[in-house]
Engineer: 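Quick one: the structure is below, and I'll ask about it shortly.
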Amino acid sequence: MAKRIGVLTGGGDCPGLNAVIRAVVKSACGLGWEVVGFEDGFTGVVEERLTPRVLDLAAVRGILDRGGTILGTSNKANPFRYAVHRGDSFVEADLSDQTIERLHRLGVDCLVCIGGDGTLKIAHQLAQKGFPVVGCPKTIDNDLSDTDVTFGFDTARSTATDAVGKLHTTAESHDRVMVLEVMGRDTGHLALHAAIAGGADAVLIPEVPYRIEPVCEMIRRRSARGQTFSIVVVAEGAAPAGGTQAVAESAAAIPGRGVVRLGGAGKVAADLLSQHVTDHEIRVTVLGHLARGGMPTAYDRLLGSRFGCGAVELIERGQFDHMVALQGNDIVARPLSSASVTRFVDVQGQLVRDARKLGIVFGDER
Ligand code: F6P
């Protein structure tokens, strides 16, 4: 039977989202189904004023290599705790019933939710309320436990690695310590991969509360052997042992989002370093959203395309409340119930051990 599929992208954007949308549309059209796109994540599903647009083959032509998302996204819109005006301020309200009622009214048979932990959790909640939903995992943080890789990570890793490489030449020219802050609110996958691939000297990640002394010691050792510059990569979620994460905006200031916005971990580390390291200037670079932008790599286009095709296959099989995932070389189905479980960097794992063998300091050395 012909179906009408809704598709949305939620949470922070990442390279490869358009590849997924395109693949969903192409495979669904191949089955004779119709696809409609909701704008700005769940905002487009909740808000009556936003009419979903039909996504036909023409609508997705030429978007495979485009960064961002043609549908727009939101990391605040959550039908279960939607920010609604009350007087001069916002309060959170559960609009999930009316959201599902609207989806029925629009003739949408099922929803493809492309997003990270937050979006996939909402997708699961909607499925639990009886609306057919399938998920598709994305995030530059690569921190979802049920998939080996999320698309977006490969592109972000290339961008962050490139940044580490570029900092080398200016660091060396000025004999400086360069601190590079990269995204990664709960996990340090991006920081760790970029540190190894870019040849950094230290990496500070959320999984390893750090002391600044081992980092200072590394800088002194390098200086003593004539390497008068150092690169320190800091994940935004990293914090000194006994300290707290650097918060840019409190959760209360962002209705609907439910989590703080991080920022400033690089400056915290630089300030600590400057108390001990006096013979080098220290500079901080925040890579920030540059890691989320730009053209997706071939890997992310490929994975995004496979995820999009896989999501339509889940719908064909009626396997709702599941998401597509990469396991080994295969696209598999995983229950949405566990989709938002965080995958942390394994601090005893091979990658961390290899990083240490390469001389990269984590700030936990004795
Ligand atoms: O996509 C996840 C993420 O990249 C986190 O690492 C980061 O904390 C967050 O997005 C920042 O999102 P925004 O600045 O768009 O609110």
Side-chain angles (χ1 to χ4, degrees), residues 8-18 20 40-43 67-69 71-78 83 113-123 135-145 147 149-161 163 180-195 203-207 233-239 244-268 285-294 296 300 303-304 307 339-345:
L8 65 84
T9 52
D13 70 338
C14 76
L17 286 166
N18 287 325
V20 183
D40 298 339
F42 284 102
T43 313
T69 159
L71 292 175
T73 187
S74 164
N75 57 15
K76 295 190 276 285
N78 177 348
C113 297
I114 311 166
D117 52 354
T119 304
L120 296 172
K121 196 170 167 192
I122 298 167
C136 187
K138 68 91 223 181
T139 167
I140 64 158
D141 296 346
N142 200 28
D143 60 356
L144 299 179
S145 62
T147 182
V149 186
T150 52
F151 66 88
F153 177 64
D154 187 60
T155 310
R157 177 173 60 181
S158 293
T159 303
T161 301
L180 176 68
E181 178 182 316
V182 301
M183 282 187 176
R185 52 174 305 119
D186 302 312
T187 64
H189 299 285
L190 181 60
L192 177 59
H193 284 234
V203 64
L204 307 178
I205 57 174
E207 292 86 344
V233 180
V234 182
E236 63 179 353
T244 52
Q245 290 183 319
V247 172
E249 209 175 359
S250 73
I254 325 169
R257 179 147 172 189
V259 288
V260 296
R261 190 167 64 80
L262 296 180
K267 171 133 184 12
V268 170
T285 303
V286 180
L287 188 66
H289 297 79
L290 283 176
R292 291 221 308 241
D300 281 337
L303 185 58
F307 275 178
S340 54
V341 177
T342 307
R343 181 165 58 84
F344 293 100
V345 170

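As the structure is a prediction and not an experimental result, all values here were calculated from the model. Along the sequence shown, residues carry numbers from 1. Ligands are counted one by one from 1 in listed order, and the atoms in each one are counted from 1 as well.
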Engineer: Please lay out, stage by stage, how Ile114 and Leu8 fare under the test side chain to side chain contact (heavy atoms under 4.5 Å, CB included).
Structural biologist: CA-CA 6 Å; Ile114 311 166; Leu8 65 84; over 6 Å; no
Engineer: Applying side-chain hydrogen bond (donor to acceptor under 3.5 Å, both in side chains), run through Ser74 and Asp40 and close with a yes or a no.
Structural biologist: CA-CA 5 Å; Ser74 164; Asp40 298 339; over 6 Å; no
Engineer: If you measure from NZ on Lys138 to CG on Leu120, what distance do you get to the nearest 0.5 Å?
Structural biologist: 8.5 Å
Engineer: Using side chain to side chain contact (heavy atoms under 4.5 Å, CB included), reason through Thr147 and Arg343 one step at a time and then give a plain yes or no.
Structural biologist: CA-CA 9 Å; Thr147 182; Arg343 181 165 58 84; over 6 Å; no
Engineer: Please enumerate all residues that pass side chain to side chain contact (heavy atoms under 4.5 Å, CB included) together with Thr187, with sequence neighbours excluded.
Structural biologist: Asp141, Asp143, His189, Glu207, Thr342, Phe344
Engineer: Going by atom types alone, do Asp300 and Thr155 pair a side-chain donor with an acceptor below 3.5 Å?
Structural biologist: yes
Engineer: Between ligand 1 and the protein, which N/O pairs fall short of 3.5 Å?
Structural biologist:
from: ligand 1; atom 1: 6 (O); to: Asp141; atom 2: OD1; distance (Å): 3.0
from: ligand 1; atom 1: 6 (O); to: Asp141; atom 2: OD2; distance (Å): 2.9
from: ligand 1; atom 1: 6 (O); to: Gly184; atom 2: N; distance (Å): 3.2
from: ligand 1; atom 1: 6 (O); to: Glu236; atom 2: OE2; distance (Å): 2.9
from: ligand 1; atom 1: 8 (O); to: Glu236; atom 2: OE2; distance (Å): 2.5
from: ligand 1; atom 1: 10 (O); to: Arg292; atom 2: NH1; distance (Å): 2.9
from: ligand 1; atom 1: 12 (O); to: Arg292; atom 2: NH1; distance (Å): 3.1
from: ligand 1; atom 1: 14 (O); to: His289; atom 2: NE2; distance (Å): 2.7
from: ligand 1; atom 1: 15 (O); to: Arg292; atom 2: NH1; distance (Å): 3.3
from: ligand 1; atom 1: 15 (O); to: Arg292; atom 2: NH2; distance (Å): 2.8
from: ligand 1; atom 1: 16 (O); to: Asn75; atom 2: ND2; distance (Å): 3.0
from: ligand 1; atom 1: 16 (O); to: Arg257; atom 2: NH1; distance (Å): 2.6
from: ligand 1; atom 1: 16 (O); to: Arg257; atom 2: NH2; distance (Å): 3.3

